Amino acid sequence: MKVLVIGGSYFFGRIFVMLAAKEHRVTVVNRGTYSMEEFGVKQITGDRHDVSVWQQCREDYDAVVDFCAYEPGDVTTVLENLGGSVKQYIFISTVDVYQRQTGEQCACANKEDRKQEETPLEKRKFPGEAGAYISGKVALEEEVRAVCGDKSITFTILRPAILYGPYNYAPRESMFIRMAVREHLLPRYSDAKGKFQFVYVKDGAEAVLKCLGNEKSYGQAYNLCGDEVLDYDMFFRVLADCAEQEERISGSREKTSATAEESLSMADGRNENTGDYKLQEVCMTLEEADKQGFPIPFPATAEETELVSNRKSIEELGMIYTPFREGIQKTFHAFARVFM
């Protein structure tokens, strides 16, 4: 298939391009910050708001995959000015588009109460960057439906939960991995009651691949999230386990490459008597964490909790989600090599 990817050099899009290039003819349109040509793809450099960029795309594409539409009009600009034709438009949205719940509903302990793809979207306007992001994605979902309908183009909307994994440039899991690797510490938020869902970036990329040319996905939206519902305590416990495992791996390397005297000098972060790795856990409240500049990137309170169902993506796309522990171990290992 001929696939036109918008974005595709950073996190989610980068992983998708790396996988898609193995079996499809891929053209990437982005600002050219990072070259993707090493993966055997064609790259067109330019700003997506510049109509001349789309006029350069003269081929007929089986699918467009849009990773970086954030403002109303972004989809219209593409489809009104594209030099070639397109059969399917895959728009990457977010689970944050759903109407916010209130009070006890937020916990969504029962799977049946979690937000389905048919749940109404949020029409209220919220302040700040997060509010603008949500409003933009909601407006763009409506735009995708309208513009594709007018042009007889099929569409698919994918709504990932919190993405994590290698190459993640967003200040989320990588910040805590850096703390564990460089400072040998992790916080513990004693009063955090929020719950949240992740999706491993490779799973997200696999979902896009499963939608390409898939008639079942035409006109549909899908939530993308792993099976586990986590909280901060679970998140930090898994990270602590990953830190110890990573230390065992690097420690075994040290034993084979360092002299006895050099090994003794590498006591930072280990128990000096036993040589065992020791990760310091610092317990604090959310207020204390905020004052001390510790990151709080995921929902921290029960009122912030908004959970979704992944049933439709499993049943219709055949998605199999990577267990969080497995995915975060791979992520920790990838980032640890950068931070060491």
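In this text the structure is predicted, and so the values were computed from the model without any measurement. Note that the numbering runs from 1 along the sequence shown for the chain.
Within the model, atoms CZ of Arg311 and CD1 of Ile314 stand 9.0 Å from one another, a figure rounded to the nearest 0.5 Å. A distance of 9.5 Å separates NZ in Lys123 from CD in Gln99, rounded to the nearest 0.5 Å. Note that NE2 of His184 is 6.5 Å distant from CD of Glu247, once rounded to the nearest 0.5 Å. To the nearest 0.5 angstrom, Asn168 atom CG is 13.0 Å from Arg14 atom CZ.
Annotation for Glu129: atom CD does not count as buried by contact number, only 12 or fewer foreign heavy atoms lying within 6.0 Å. The 12-atom threshold is exceeded at CD of Glu118, counting heavy atoms of other residues, nucleotides or ligands nearer than 6.0 Å.
Partners of Phe16 by ring-ring contact (aromatic ring centres under 6.0 Å, His included), not counting sequence neighbours, listed by chain and number: Phe67. For the side-chain contact (heavy atoms from CB on, under 4.5 Å) test, residues two or more places apart in sequence or in another chain that qualify with Lys125 are Ser135.
Linking ILVMFWY side-chain heavy atoms closer than 4.5 Å, directly or via other members, places Phe12 and Val308 in two distinct hydrophobic clusters. Hydrophobic clustering of Ile, Leu, Val, Met, Phe, Trp and Tyr side chains at less than 4.5 Å, counting indirect connections, keeps Tyr70 apart from Phe126. When hydrophobic clusters are built by joining Ile, Leu, Val, Met, Phe, Trp and Tyr residues whose side-chain heavy atoms come closer than 4.5 Å, directly or via intermediates, Met179 is grouped together with Ile177. Follow the hydrophobic side-chain contacts under 4.5 Å out from Phe294 and you reach Phe335 in the same cluster. Under a hydrophobic clustering in which Ile, Leu, Val, Met, Phe, Trp and Tyr are joined whenever their side-chain heavy atoms come within less than 4.5 Å, directly or via other members, Tyr169 and Val201 fall into the same cluster.
Aromatic rings of Tyr189 and Tyr232 (six-membered ring for Trp) have centroids within the 6.0 Å cut-off, being under it. Within the 6.0 Å centre-distance limit, the rings of Tyr164 and Tyr200 are counted as a close aromatic pair.
Here the side chains of Ile162 and Val199 are not in contact, with every heavy-atom distance at 4.5 Å or above. Put simply, the side chain of Asp66 reaches to within 4.5 Å of the side chain of Tyr89, judged on heavy atoms. A 4.5 Å side-chain heavy-atom check between Tyr133 and Thr94 finds at least one atom pair inside the cut-off. Side-chain contact between Ile44 and Thr27 is present, with heavy atoms from C-beta onward closer than 4.5 Å. Using a 4.5 Å cut-off on side-chain heavy atoms (C-beta onward), Ile90 and Val64 make no contact. Residues Glu173 and Phe235 are in side-chain contact: their nearest non-hydrogen atoms beyond the backbone lie under 4.5 Å apart. Residues Val3 and Asp62 are not in side-chain contact: their nearest non-hydrogen atoms beyond the backbone lie 4.5 Å or more apart. By the 4.5 Å heavy-atom criterion applied to side chains, Pro297 and Phe176 are counted as neighbours.
Looking at Arg172, its side chain never comes within 3.5 Å of a backbone N or O of Pro295 through a donor-acceptor pair. At distances below 3.5 Å, not a single donor-acceptor pair connects side-chain atoms of Asp290 with backbone N or O atoms of Leu286. The closest donor-acceptor contact from the side chain of Glu281 to the backbone of Leu186 lies at 3.5 Å or more, if one exists at all. Checked by atom type and distance alone, the side chain of Gln197 never pairs as donor or acceptor with a backbone atom of Asp227 at under 3.5 Å. Between the side chain of Glu215 and the backbone N or O of Gly213 there is no donor-acceptor pair closer than 3.5 Å.
A salt bridge is absent between Lys210 and Glu206: the closest approach of a Lys/Arg side-chain nitrogen to an acidic carboxylate oxygen does not fall below 4.0 angstrom. Contact check on Glu287 versus Lys291 returns a salt bridge, with a Lys/Arg side-chain nitrogen under 4.0 Å from an Asp/Glu carboxylate oxygen. Under the 4.0 Å criterion applied to side-chain N and carboxylate O atoms, Arg25 and Glu59 are assigned as salt-bridge partners. Taking the charged nitrogens against the carboxylate oxygens, Glu304 and Lys195 have no contact shorter than 4.0 Å, which rules out a salt bridge. Arg159 has no carboxylate O lying under 4.0 Å from a charged side-chain N of Asp96, or vice versa, which leaves the two without a salt bridge. The existence of a salt bridge linking Asp233 and Arg237 is confirmed by a sub-4.0 Å separation between a basic side-chain nitrogen and an acidic carboxylate oxygen.
Of the N and O atoms on the side chains of Asp191 and Thr285, not one donor lies less than 3.5 Å from an acceptor on the other residue. Using modelled atom types, one finds a donor on one side chain and an acceptor on the other under 3.5 Å when comparing Thr322 with Asp203. Judged by distance alone, the side chains of Asp74 and His49 do bring a donor and an acceptor atom under 3.5 Å apart. No hydrogens or angles considered: a donor-acceptor pair under 3.5 Å links the side chains of Tyr321 and Ser313.
Evaluated for a side chain to side chain contact (heavy atoms under 4.5 Å, CB included) with Ile92, the options Leu158, Ile157, Ile6, Leu140 yield exactly one hit, Leu158. Applying side-chain hydrogen bond (donor to acceptor under 3.5 Å, both in side chains) to Gln88 and the options Thr154, Asn214, Thr156 leaves one that passes, Thr156.
Relative to the six-membered ring of Phe339, Arg182 misses at least one condition, a distance below 6.0 Å or an angle of at most 45° to the axis.
Closest heavy-atom contact between Arg100 and Arg124: CB-NH2, 3.3 Å. Taking all atoms of both residues into account, the shortest heavy-atom contact from Asn30 to Gly7 is ND2-O, 3.1 Å. When every heavy atom of Asp60 is checked against every heavy atom of Lys2, the shortest pair comes out as O-CD, 3.4 Å. The two atoms that bring Val53 and Gly46 nearest to each other are CG2-CA, 3.8 Å, heavy atoms only. In this structure, Cys242 and Phe332 approach most closely via the heavy-atom pair CB-CD1, 3.6 Å. Across Ala205 and Leu19, no two heavy atoms sit closer than the pair CB-CD1, 3.8 Å.
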What donor-acceptor contacts under 3.5 angstrom involve side-chain atoms of residues 218-225, with partners at least two apart or in another chain?
unit_1 : atom_1 : unit_2 : atom_2 : d
Gln220 : OE1    : Lys312 : NZ     : 2.7
Tyr222 : OH     : Lys216 : O      : 3.3
Tyr222 : OH     : Glu316 : OE1    : 2.8
Asn223 : OD1    : Tyr98  : OH     : 2.6
Asn223 : ND2    : Lys115 : O      : 3.3
Asn223 : ND2    : Glu117 : OE2    : 3.4
Asn223 : ND2    : Ser309 : O      : 3.0

Go through it in stages, so that I can follow the logic: the residues are Val95 and Glu306, the test is side-chain contact (heavy atoms from CB on, under 4.5 Å), and I'd like the CA-CA distance, side-chain angles, deciding distance and then a yes or no.
CA-CA 9 Å; Val95 295; Glu306 302 279 344; over 6 Å; no
side-chain contact (heavy atoms from CB on, under 4.5 Å) between Met36 and Val26: does it pass, once the steps are laid out?
CA-CA 10 Å; Met36 298 298 292; Val26 177; over 6 Å; no
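The aromatic rings of Phe298 and Phe198 lie perpendicular to each other, with more than 60° between the two planes, well past the 30° mark.
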